[in-house]
Amino acid sequence: MSARNPGMNMDLEWVSKVRVNTQAVLKRAQQIQSVKLAKKQWQAAWLLKAVTCIDLTTLAGDDTPSNVHRLCMKAVQPVPYDLLQSMGMHDKGVTTGAVCVYPSRVADAVKSLKAANSSLPVASVATGFPAGQTPLKTRLEEVRAAVADGAAEIDIVINRTLALTGQWEAMYDEIRQFREACGDAHMKTILAIGELGTFTNVYKASLVSMMAGSDFIKTSTGKESVNATYPVAIVMVRAIRDYFLRTGHKVGFKPAGGIRTAKESLVWLALIKEELGDAWLGPHLFRLGASSLLADIERQIFHYVTGRYPALHELPMA
């Protein structure tokens, strides 16, 4: 992961001046989606890059130690060894960016990865995920518990009520407390953009989250009706760029929710490359929150190596 973002004092004047040109954002998002994507070996290379940026996630009510273990093993070896060997990539340590689970499953994930001799980080959602509507004291306890169990990254959710009612100082103060509760763990802040109403609100929430010390800003919990969209991403990455230009601190970006195809992952990488530059093109500053994306990337890599798509039994389940 990147160096920690120390945050800064709340700058209400900066936040209050924010205006987002909706038409310009929508036009740019259309351009991104029509960008020419790499083909053949270049596409295969970009798909492997996408794999290394995935936060392989399970956030289900029926999560058990055994399916968390299976997820961890998949994260350690996300692409079958023989396919990597055919590409000359078998000794390059290709893993996903992290494993992401609920707080109560962190200890299971840490144990599985330790047994596999892997240093892959465990990320945990916290702070009353996905709605963020539990009391502040409870949300802080949840962060501390996940960190105590070995989570190296914490995905917090903001209190959307504070953003929707323009209580930016109160939101800053809450996120600052989460930052403190995270200790040495990196903090990713989920904006739940589908519930913020306007692009201007998304931009302001992005800024306040970064000022409060977020190491990443993340689009969604994956549980809202609207999740990661390209227009919202443009707004968030422009906020990241403005924050970097003003403070010199690079903050990461994580789209999450509804990202399922290999082609989409290539569009996301193109967006990051064009908007933020090569420095952000890696798991230290870019993550894809996904549970089913990896399966499609595997299919495309299988096709690249063999010239055909796999039968259902030929790839282990993601």
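Between K263 and D296 there is no salt bridge, since none of the side-chain N atoms of the basic residue sits less than 4.0 Å from a carboxylate O of the acidic one. We find that R287 and E153 are joined by a salt bridge, their nearest charged nitrogen and carboxylate oxygen being less than 4.0 Å apart.
Counting only heavy atoms from C-beta outward, the side chains of T198 and N201 approach each other to under 4.5 Å. A heavy-atom distance below 4.5 Å is not found between the side chains of R105 and V122.
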- Task: Using the side chain to side chain donor-acceptor pair (under 3.5 Å) rule, take T221 and E224 through it: C-alpha gap first, then chi angles, then the decisive distance, then the call.
- Result: CA-CA 7 Å; T221 65; E224 296 92 47; 2.2 Å; yes
- Which is it for S209 and S214 under the side chain to side chain donor-acceptor pair (under 3.5 Å) test, yes or no, and what are the steps along the way? CA-CA 6 Å; S209 299; S214 304; 4.6 Å; no
- Task: Step by step, work out the ring-ring contact (aromatic ring centres under 6.0 Å, His included) result for Y304 and W42.
- Result: CA-CA 11 Å; Y304 167 72; W42 294 282; 9.9 Å; no
- Item | Trace of the side-chain contact (heavy atoms from CB on, under 4.5 Å) decision for Y102 with V125 | CA-CA 6 Å; Y102 274 121; V125 296; 3.6 Å; yes
- Message: Could you walk me through whether K223 and E195 satisfy the salt bridge (Lys or Arg N to Asp or Glu O under 4.0 Å) test, starting with their C-alpha distance in whole Å, then the side-chain angles of each, then the deciding distance to 0.1 Å, before giving a yes or no?
- Response: CA-CA 11 Å; K223 309 288 187 186; E195 296 174 355; over 6 Å; no
- Task: Show your working on side-chain contact (heavy atoms from CB on, under 4.5 Å) between W280 and I240 and close with a plain yes or no.
- Result: CA-CA 11 Å; W280 267 263; I240 287 172; 3.9 Å; yes
- Message: Checking S291 against L56 for the side-chain contact (heavy atoms from CB on, under 4.5 Å) test, could you report, in this order, the C-alpha distance in whole Å, the side-chain angles of both residues, the deciding distance, and whether it holds?
- Response: CA-CA 6 Å; S291 49; L56 198 59; over 6 Å; no
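E180 contributes no side-chain N or O that, together with a main-chain N or O of R176, makes up a donor-acceptor pair within less than 3.5 Å. A donor-acceptor contact shorter than 3.5 Å is absent between the side chain of W46 and the backbone of S265. In this structure, T57 contributes its side chain and D55 its backbone to a donor-acceptor pair below 3.5 Å. The closest donor-acceptor contact from the side chain of D215 to the backbone of R4 lies at 3.5 Å or more, if one exists at all. Of the possible donor and acceptor atoms, none in the side chain of Q43 sits under 3.5 Å from a partner among the backbone N and O of K40.
No side-chain donor from either of E141 and T138 sits under 3.5 Å from a side-chain acceptor of the other. For the residue pair T64/S66, the side-chain donor-acceptor check at 3.5 Å is satisfied.
Using the six-membered ring where Trp is involved, Y243 and H249 have ring planes that are tilted, between 30° and 60° apart.
A ring-centre distance under 6.0 Å is found for Y230 and W268.
Interatomic distance, I234 CD1 to Q30 CD, rounded to the nearest 0.5 Å: 11.5 Å.
Under the salt bridge (Lys or Arg N to Asp or Glu O under 4.0 Å) criterion, D278 pairs with K273, not counting sequence neighbours. Listed by chain and residue number, nothing satisfies the salt bridge (Lys or Arg N to Asp or Glu O under 4.0 Å) test with E142 (two or more places apart in sequence, or in another chain).
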